[in-house]
Peer 1: 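Could you have a look at this structure, given as structure tokens, before my questions?
Bear in mind that the values here come from a model prediction, so they are computed numbers and not experimental data.
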Amino acid sequence: MLALYLAQIVNSGLALGAVYGVMALGFSLIFSASRLINFAQGELLLLGGLTIMSLAGVMQLPPAAALLAAAVAGFLLGRTLFSTTLGLTLRATPLRQLMLTVAASLVFQGVAILCWGKNPLMPPRLLPLPDLRLGLFFLGRDTVTALALAVAAVIVLGLFLGRTRLGRALRATSQNAVAARLQGVDTVFCHALSFALAGALASLAALAVGPQTGLRYDMGLGLGLKGFAAATIGGYTSLGRVFAGGIILGLAEAAMVLTVSGEFKETAIYVLITILLVAAPREHDERP
Amino acid sequence: MTVPRNLSLGLFFAALAVVGLATPGFQLLAVNQHLFLAVNVLALNFCLGLGGQISLAQAAFAGLGAFGSVLLHDRFPEATLVIVPAVVLGTGLLAAMLSRPMERLGEGFLAMATLCVSLVFTNLVLTLESVTGGSAGHMANARLALPLLGSLSGDRATFFCFAGLLALGSYIFLALRDSRLGRALAACRGDAQAASSLGVDRAAVRSLSFGLGGGLSAAAGVIHGHYTGFISPEQYHLELSLKALLFLVIGGPGNLLRPILAALVLETAMSWLSVLGDARTLVNGLLLGAALLAGYWRASR
């Protein structure tokens, strides 16, 4: 019985955790580059997912094309978000920039309502991956899809940041924007790139979460907040740790659903996030 | 410099009194909702405008006030004089206690932590269905009643309760801002580390402003809960906190009148947008974004 519970926790925890992990990567990219917490990250996922769902419906996209289309759509959405928020207010106070992302999230949500309505929509499974059995553990196809997408995203992002000139410029901006600018790095371009990459990641996360829970106009805040919590657990600096933060959060959530109650789960998770923020402040004392 | 400030405040409250006396009772329903928001904007101004601490927990504090007062009045219908101060003080103390461990968090992290406080409140209300009514809500049968004034019910009485609360809050805000404590808070807002090095007990002074903000929101929630006759987590959801913060940022944290006016004017404009149906969310976002950008460009010129 215990083994069954454990297997269930692992299956659903990894499925959600992978999504949180990918969202967390987007959060940490933007936060590291510009010290901005992006309230519209969840809406990037929503709008990206809905766009791909419609594209796939009209164009009958094969899996590789769906992946590419998701990444491109998310990239463009993220770039648009930058142009309408931080790009316009580079010298504004962090609070005003934060509030602009709140306004942007309302705009994105409004677009989603106008174009796709308020009813939940269940997108098709665009990546036909099979179920997987690993000894005791059974991983459903949604879990396998989410994990495959997330691990691929971490690897590609890691290679981009570590091995390319542009990636190194982005890392330099994250570490010290003034020094990077003195070395000839276009830091504004790097800020824009971090938003665009976060958009692409959110859109890919939508491919994983859409078939699990459906897409609904008001789902952005909850997913965004979990992504933020995962990034906080991971510490914002290392891609691996940030992704692991998402997995830990997903497993904790799944464990709470099975051991405490589904109703109490949300309360417990938000209490946990608050405690985490307060109890682990050394990394982010007095920072935005 | 004091005279123009007092003059503008006096004019504002005189205009508010005229609105309360001249507007037909049924039309005050919408105005009272805007005043409820305006009191929350002022409450947030204690935390952010004076102490430099962002908070997205105002909705939770208002909800605590509303649920606390309504549920206690169900058991003790005649005890308004005891229940209301107890609920307001209790919520203020809770807010102050929550503020202390969060004091060192930077703006963005504090926003997220207080956002979680708001969500914890909403989810607790939903979970404790047997007490709170859960998502279905709870009827507020008992009215607020004071010994000499009698029952405080009806649109006009509620209007003047909110206006009185706004006036009291404004008085406390100005008195605090101009005091030694206010200067300590301003030092924390300007440079927290420098304030510490000058001997300011940051956690203590900031928890006081946070607690005052929490108590004021709770008082607004008490009036609102009994006025609407029905309380549900939807009324005290995160949207209220976000709106309060947006209007405060648009009006300018630390200013007294401008954020209140921003809340009243923009919220009225946004309520007219209900004719747009599903397009309302999009237009709300555009309107708020435009107001934020206009404020930024005006300040940077």
Side-chain angles (χ1 to χ4, degrees), chain A residues 31 35-39 84-85 88-89 91-114 117-118 217-218 221-222 225 228-229 232 261 263-279 281-288, chain B residues 48 52 54 56 98 100-129 134 192-193 238 242-243 245-246 248-250 253 276-293 295-297 299-300:
Chain A
F31 181 78
R35 295 290 179 268
L36 176 70
I37 290 177
N38 175 24
F39 255 86
T84 51
T85 54
L88 285 174
T89 56
R91 290 172 196 276
T93 58
L95 182 59
R96 197 170 284 271
Q97 291 169 346
L98 183 81
M99 286 296 100
L100 261 177
T101 66
V102 173
S105 77
L106 276 177
V107 172
F108 279 17
Q109 205 181 91
V111 170
I113 291 172
L114 281 181
K118 285 188 170 177
Y217 76 99
D218 58 354
L221 178 71
L225 193 62
F228 164 78
T232 306
S261 82
E263 286 177 340
F264 197 65
K265 175 201 78 173
E266 292 292 307
T267 309
I269 282 289
Y270 292 127
V271 169
L272 183 73
I273 296 172
T274 314
I275 293 171
L276 267 170
L277 282 165
V278 172
R282 299 281 82 81
E283 290 264 325
H284 46 257
D285 271 4
E286 310 296 356
R287 281 165 59 186
Chain B
L48 184 59
I54 197 171
L56 286 172
L98 281 173
R100 282 190 83 97
M102 294 180 183
E103 193 271 331
R104 291 185 68 82
L105 297 178
E107 228 164 43
F109 289 96
L110 185 58
M112 286 300 189
T114 48
L115 185 149
C116 287
V117 171
S118 229
L119 292 174
V120 166
F121 167 77
T122 305
N123 284 298
L124 264 183
V125 170
L126 290 170
T127 310
L128 302 173
E129 197 176 349
Q193 283 175 348
L238 185 63
L242 282 171
K243 269 187 180 175
L245 185 57
L246 271 166
L248 185 58
V249 173
I250 288 166
L276 295 175
D278 279 350
R280 191 181 170 189
T281 310
L282 173 64
V283 179
N284 276 352
L286 290 173
L287 190 66
L288 293 171
L292 284 164
L293 286 174
Y296 166 63
W297 284 327
S300 57

Peer 1: Using a cut-off of under 4.5 Å for heavy-atom pairs, which of A:V271, A:L88, A:V111 has the most such pairs with chain B?
Peer 2: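 Of the candidates given, the most pairs with chain B belong to A:L88.
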Peer 1: Heavy-atom pairs under 4.5 Å with chain B are the metric here; pick the option from A:K118, A:Q109, A:R91 that has the most.
Peer 2: A:R91
Peer 1: Could you state the interatomic distance from CG (A:L106) to CG (B:L288), rounded to the nearest 0.5 Å?
Peer 2: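 Taking CG in A:L106 and CG in B:L288, the distance rounds to 6.5 Å.
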Peer 1: Please classify the contact between A:L98 and chain B as side chain, backbone, both or neither, with a heavy-atom cut-off of under 4.5 Å.
Peer 2: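 Contact with chain B: side chain only.
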Peer 1: Does the side chain of B:L115 come within less than 4.5 Å of A:F228's, by heavy atoms?
Peer 2: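 No - every pair of side-chain heavy atoms lies 4.5 Å or more apart.
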Peer 1: Rounded to the nearest 0.5 Å, what's the gap from CG on A:L221 to CG on B:L242? Could you check?
Peer 2: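 Answer rounded to 0.5 Å: 7.5 Å.
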Peer 1: Between B:L292 and A:T89, is there a side-chain heavy-atom distance shorter than 4.5 Å?
Peer 2: no
Peer 1: Sort A:I269 into side chain, backbone, both or neither according to what part of it lies under 4.5 angstrom from a heavy atom of chain B.
Peer 2: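 For A:I269, there is no contact with chain B at all, as no heavy atom is under 4.5 Å.
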Peer 1: Compare every heavy atom of A:V107 with every heavy atom of B:G285, then report the nearest pair and how far apart it is.
Peer 2: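 Shortest heavy-atom separation between B:G285 and A:V107 comes out as C-CG2, 3.6 Å.
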Peer 1: Heavy-atom distance under 4.5 Å to chain A: side chain of B:L276, backbone, both or neither?
Peer 2: neither
Peer 1: Nearest 0.5 Å please: distance from the CE atom of B:M112 over to the CG atom of A:L277.
Peer 2: 9.0 Å
Peer 1: Counting heavy-atom pairs under 4.5 Å with chain A, which one of B:P253, B:P101, B:A290 comes out on top?
Peer 2: B:P101
Peer 1: Going by the rule side-chain contact (heavy atoms from CB on, under 4.5 Å), which residues pair with B:N123 if we only count those two or more places apart in sequence or in a different chain?
Peer 2: A:E266, A:T267, A:Y270, B:L119, B:L126
Peer 1: Would you say B:M102 and A:T274 make side-chain contact, with heavy atoms under 4.5 Å?
Peer 2: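 With C-beta onward as the side chain, the pair touches.
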Peer 1: Counting heavy-atom pairs closer than 4.5 Å to chain A, which one of B:L238, B:V283, B:V249, B:L293 comes out on top?
Peer 2: B:V249
Peer 1: Could you pull out all residues at least two apart from A:D218 that satisfy side-chain contact (heavy atoms from CB on, under 4.5 Å)?
Peer 2: A:R216
Peer 1: Quick one: does B:L245's side chain get under 4.5 Å of A:V102's, heavy atoms only?
Peer 2: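 SC-SC contact between B:L245 and A:V102 ruled out.
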Peer 1: What part of B:L246 lies closer than 4.5 angstrom to a heavy atom of chain A: side chain, backbone, both or neither?
Peer 2: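 Contact with chain A involves both backbone and side-chain atoms of B:L246.
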Peer 1: So for A:F108, is it side chain, backbone, both, or neither that comes closer than 4.5 Å to the heavy atoms of chain B?
Peer 2: neither
Peer 1: For the CG atom of B:L248 and the CE atom of A:M99, what is their distance to the nearest 0.5 Å?
Peer 2: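 Rounded to the nearest 0.5 Å, the CG-CE separation comes out at 10.0 Å.
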Peer 1: Which answer fits A:L100, side chain, backbone, both or neither, if we ask what part of it has an atom under 4.5 Å from a heavy atom of chain B?
Peer 2: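 When you check distances to chain B, atoms from both the backbone and side chain of A:L100 fall under 4.5 Å.
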Peer 1: Measuring from B:L128:CG to A:F264:CZ, what's the distance to the nearest 0.5 Å?
Peer 2: 8.0 Å
